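Notes follow the structure.
Numbered from 1 within each chain, the chains take letters A, B, ... in sequence-line order. Basis for what follows: all heavy atoms, side chains included, without hydrogens, waters or symmetry-related copies. Just so it is clear, the structure is predicted and the values come from calculations on it, not from any experiment.
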Amino acid sequence: MKKYWLFKSEPDVFSIDNLIKLPESSSTWEGIRNYQARNSLRDDVSIGDEVFFYHSRIDPIGIVGTMEVIKNGYPDHFSFDKKSKYYDIKSKKENPTWFMVDVKFQRKFKNIIPLSELRKHFELSKMVLLQKGSRLSIQPVTESEFKFIMDNLST
DNA sequence: GCCAACGTTGGC
DNA sequence: GCCAACGTTGGC
């Protein structure tokens, strides 16, 4: 069954426009170095799932569009590459610590949906994103939350 | 750029 | 296995 997610990225590092410009408008989603997020990428994020692209640490912060998962979780090979900023000595090829998926651009909203806007809606009050202290960079979104945002807030 | 809230590390 | 110290995230 199709699932829904929200992936955070700092646009200084990787923005939705960067994704659009890549061949096939698709990309690896590497460099996730948090165990809870890793577990989602390894076990739950699946081909066909829909994902909100979220820009953090920029003004304004919020959801900028959607993408689709096109490859299930597989070892994050950047963690094996000494030259990569995502290199991690404890991740071994025969027993990888970190995982990633591939994504493909779907849609960029005409207007960003700011975090402050998301907070206004009772229907979204349970969103992982909006919980106090929440900073998961790969997080689940419920079907009703996803549809509410697409139907009422997307442009 | 600051700093609160988390997550991780490592000494004991 | 506790927990202080350190490192990171991300809203503001």
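- Below 30°, between 30° and 60°, or above 60°: for A:H77 and A:Y74 the angle between ring planes is between 30° and 60°, a tilted geometry.
- Rounding to whole angstrom units, NZ of residue A:K132 and P of B:dG7 are separated by 13 Å.
- One interatomic measurement links the two molecules: CG of A:D12 to P of C:dT8, which rounds to 18 Å at whole-angstrom precision.
- Taking atom CD of A:E10 as the reference point, atom C1' of C:dT8 lies 10 Å away to the nearest angstrom.
- Remark: side-chain polar atoms of A:E145 are paired, donor with acceptor, to backbone N or O of A:T142 under 3.5 angstrom.
- If you measure from atom CD of A:E117 to atom P of C:dG11, you get 16 Å, rounded to the nearest angstrom.
- Between A:F52 and A:F146, the two ring planes are parallel [angle under 30°; tilted spans 30° to 60°].
- Atoms CG (A:N34) and P (B:dT9) sit 11 Å apart, rounded to a whole Å.
- In this entry the distance linking CG of A:L136 with P of B:dT8 reads 10 Å, nearest Å.
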Checklist entry - Does the ring pair (Phe, Tyr, Trp, His ring centres under 6.0 Å) test come out yes or no for A:Y35 and A:W98, once each step is laid out? => result CA-CA 8 Å; A:Y35 286 101; A:W98 305 117; 4.8 Å; yes
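- Side-chain nitrogen and oxygen atoms of A:Y35 include none within less than 4.0 Å of the OP1 or OP2 phosphate oxygen of B:dC6.
- Checked by distance alone, A:R135 brings a side-chain donor or acceptor within 3.5 Å of a matching partner on the base of C:dT8.
- For A:K8, no side-chain nitrogen or oxygen approaches OP1 or OP2 of C:dT9 to under 4.0 Å.
- Of all nucleotides listed (C:dG7, C:dC12, B:dT9), B:dT9 comes nearest to the side chain of A:K90.
- Atoms CZ (A:R33) and P (B:dG7) sit 17 Å apart, rounded to a whole Å.
- The separation between A:L6 atom CG and C:dT9 atom P is 16 Å, rounded to whole Å.
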